[in-house]
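Chain naming here is simple, since letters A, B, ... match the order of the sequence lines and numbering starts at 1 in each. The figures that follow rest on heavy atoms only: side chains count, while hydrogens, waters and symmetry mates do not.
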Amino acid sequence: MGYVAAVAGEELIQRAEALFEKQRVAGDSDDLTLEQLDDQLGRLTSQVMSEAGLYAPRLAALAVKQAQGDTVEAAFLLRAYRSTLERFDETRPTLTSEMLACRRVSPSFKDVPGGQILGPTKDYTQRLLDFTLADSETVDPTAGWELEEAGEPEPLTNVMELLREEGLVAAPENPAADERREPVDTTREPLTHPVSRDAVLQELARGETGAVTALGYSALRGYGQVHPTLAEVRVGKLPVRIEHPYTGEEVTMTHTEVTESEAVVPLYAKRDDPQFAFGYGLTFGRNERKAIGMTVLDASIQVNSTEEPAENAEFVLDTVDGMDSFGFIEHLKLPHYVTFQSILDRIRSIRERKEAAAEPTTDQPGGGDETDADKVETDRGRSIEASQGAPEGSNGD
Amino acid sequence: MEGPANRTDRCELLTVCPASKLADFANDILADGAELSIRQAPRPQLLMQQVVEPVERRPFNLGEVVVTPAEVDLDGSRGFAIMPGKAERAALSGAIVDAAVAGGHPLTRQVLAALERAGERHRGERTREWAESKHTTVTFETLEDER
């Protein structure tokens, strides 16, 4: 497989780019500031950071502005920027139980320790257009709240720990050894199958939201065995900790906003000791839909079957990455002149031979037609094969 | 947390102090004629955030965080700062401030006071956020109980 270069005038390409940029500035409205994007469209910048696998709120706002709101394009811009940076270090592994949650709900345990904290959500209200937002001044609806003293933020008990205490979830065989093991980094090592679970989690965490949601949904719609109950969903801030270069002590240098989801799945493979299987999702930013989709996919992949798309790790991980899918789908609009010319030549050739074969001959009526028709079929088979290997073919370029 | 006089705590407090405040301090420190050499120029870099998944307790790479570290030598005292995001000016200012405090610069008292205030403000914001979230704590009732 190879490429055939196509050239065009650089100035014309720049003109097209200028027209694209003009669309952003053409209206009479003021230019969007990065602060406005970061403050008011936080879900959008969250999605971009999550799909880029890069936490940088202000740069995500810049990417959204530059991409004119195209989330995958914006994530691409962030990944391109990322590729220019050196790796400073890895953080010390953080337990998600240390999260400072602003929202935690458990759909499975009504009386969960720490309480059901709804936090900022519109989950329980009607989805109706609010026309007052169109032209009224922004008002903080919580300004009049009289808050009770809640003290310092406290970590919330993980629901999975409650199940583990009852023996309903298998304990890790050797957690100490597991924690010591360096996880696979899929940004540096190519995925190989069978894939380790840490690699699955990293790839799903930076998967495209729509793809993760759709594939997770496919399992729920019957294309899979997994229909989980969510143990909990959390949104909050995770500490980012490094070792201070002078003191060697742990420093919490910032926090990342994340969304976490855990699910239990009743699977009774061990008849003598039935326990829950589980699924897990964690992603940058506020994106509950994606975290839950990731949870379903994590649980489905552990079924390890090729029967259903969501249970096939290779299928899922080959299709959830937004950069991969966006690149492949959108590259089809780029010049494919040689590919197309090659296909045209073959089809014309087949048609010509077929027309020639259809013309009656005087010495061998009937029998000659059959022989030529067979030949056309053989040629057709060859030509399809050849076009799949053409220089600009879409498979593998 | 012991406070900004402690080097580890100071590193955390520098990240929550306004960049303009750090820049003002750094300018004042350099205006005094302090000799500055830059050991590590402030440049955005990547920090891979590792998280321990709670079910199997397996660590995995969640994603990278953009950070800007910087390291300086100021009149023989070393200073280090690391800021979240692409923040070259804040990181360099922070490293100068860190070195100045380590070397006992005359502005140390003002710097420590400003860092303490920044820490208090940050803790106050966190406490308020937590109180707001707790204000939405709900008890779900199942209708089945009432039948």
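Atom CD of B:Glu56 and atom CZ of A:Phe278 lie 4.0 Å apart (nearest 0.5 Å). Going from atom CG of B:Leu47 over to atom CD1 of A:Ile242 covers 6.5 Å, rounded to the nearest 0.5 Å. Between B:Glu64 atom CD and A:Phe88 atom CZ the span is 13.5 Å, to the nearest 0.5 Å.
Only the side chain of B:Glu129 comes within contact range of chain A, judged by heavy atoms closer than 4.5 Å. There is no contact between A:Leu163 and chain B, counting heavy-atom distances below 4.5 Å. Within the 4.5 angstrom heavy-atom criterion, atoms from both the backbone and the side chain of A:Arg87 approach chain B. Proximity to chain B is limited to the backbone of A:Pro239, based on heavy atoms less than 4.5 angstrom apart. Only the backbone of A:Glu148 comes within less than 4.5 Å of a heavy atom of chain B; no side-chain atom from C-beta onward does. Residue A:Glu203: no heavy atom, backbone or side chain, is found under 4.5 Å from chain B. Contact annotation for B:Pro69: only side-chain heavy atoms (C-beta onward) come within less than 4.5 Å of a heavy atom of chain A. With a 4.5 angstrom heavy-atom cutoff, A:Thr187 touches chain B only via side-chain atoms. Neither the backbone nor the side chain of A:Val200 has a heavy atom closer than 4.5 Å to any heavy atom of chain B. Interface residue A:Met160: only side-chain heavy atoms are found under 4.5 Å from chain B. At a 4.5 Å heavy-atom cutoff, the contact between A:Arg82 and chain B is made by backbone and side-chain atoms alike. The part of A:Leu59 that comes within reach of chain B is its side chain, from C-beta onward, which places non-hydrogen atoms under 4.5 angstrom from that chain. In this structure, chain B has heavy atoms under 4.5 Å from both the backbone and the side chain of A:Asp89. For A:Phe109, no part lies near chain B; criterion is any non-hydrogen pair under 4.5 Å. Only the side chain of A:Thr254 comes within contact range of chain B, judged by heavy atoms closer than 4.5 Å. In this structure, the portion of A:Leu156 lying under 4.5 Å from any heavy atom of chain B is its side chain and not its backbone.
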Item to complete: Start with the C-alpha gap between B:Val138 and A:Tyr124, add the side-chain angles, then the distance that decides, and say whether side-chain contact (heavy atoms from CB on, under 4.5 Å) holds.
Response: CA-CA 12 Å; B:Val138 68; A:Tyr124 312 97; over 6 Å; no

Worksheet item: Going through the distances and angles, do B:Trp130 and A:Glu154 end up as a side-chain contact (heavy atoms from CB on, under 4.5 Å)?
Response: CA-CA 9 Å; B:Trp130 176 241; A:Glu154 57 196 55; 3.4 Å; yes

Item to complete: Check the pair A:Tyr246, B:Arg7 against side-chain contact (heavy atoms from CB on, under 4.5 Å), reporting the backbone distance first and the verdict last.
Response: CA-CA 8 Å; A:Tyr246 302 162; B:Arg7 188 143 222 171; 3.5 Å; yes

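If you tally non-hydrogen atom pairs under 4.5 Å between each of A:Pro183, A:Ala52, A:Ala101, A:Gly248 and chain B, the highest count goes to A:Pro183. No other option in B:Thr8, B:Val65, B:Thr15 has as many heavy-atom pairs under 4.5 Å with chain A as B:Thr8. For chain B, the option among A:Thr96, A:Leu204, A:Val112 with the highest count of heavy-atom pairs below 4.5 Å is A:Thr96. Per-residue heavy-atom pair counts under 4.5 Å with chain A were compared for B:Arg78, B:Met48, B:Arg123, and the maximum is reached by B:Met48.
By the 30° and 60° cut-offs, the orientation of the rings of B:His122 relative to A:His255 is tilted. Taking the six-membered ring where the residue is Trp, A:His244 and B:Phe80 present perpendicular rings, their angle passing 60° and hence far from 30°.
Using a 4.0 Å cut-off between a side-chain N of Lys or Arg and a carboxylate O of Asp or Glu, A:Glu249 and B:Arg10 do not qualify as a salt bridge.
In this structure the side chain of B:Arg43 reaches within 4.5 angstrom of the side chain of A:Glu86, judged on heavy atoms. Put simply, the side chain of B:Pro44 reaches to within 4.5 Å of the side chain of A:Tyr81, judged on heavy atoms. In this structure the side chain of A:Leu54 reaches within 4.5 angstrom of the side chain of B:Val66, judged on heavy atoms.
The environment of CD in B:Glu35 is sparse: at most 12 heavy-atom neighbours from other residues, nucleotides or ligands sit within 6.0 Å.
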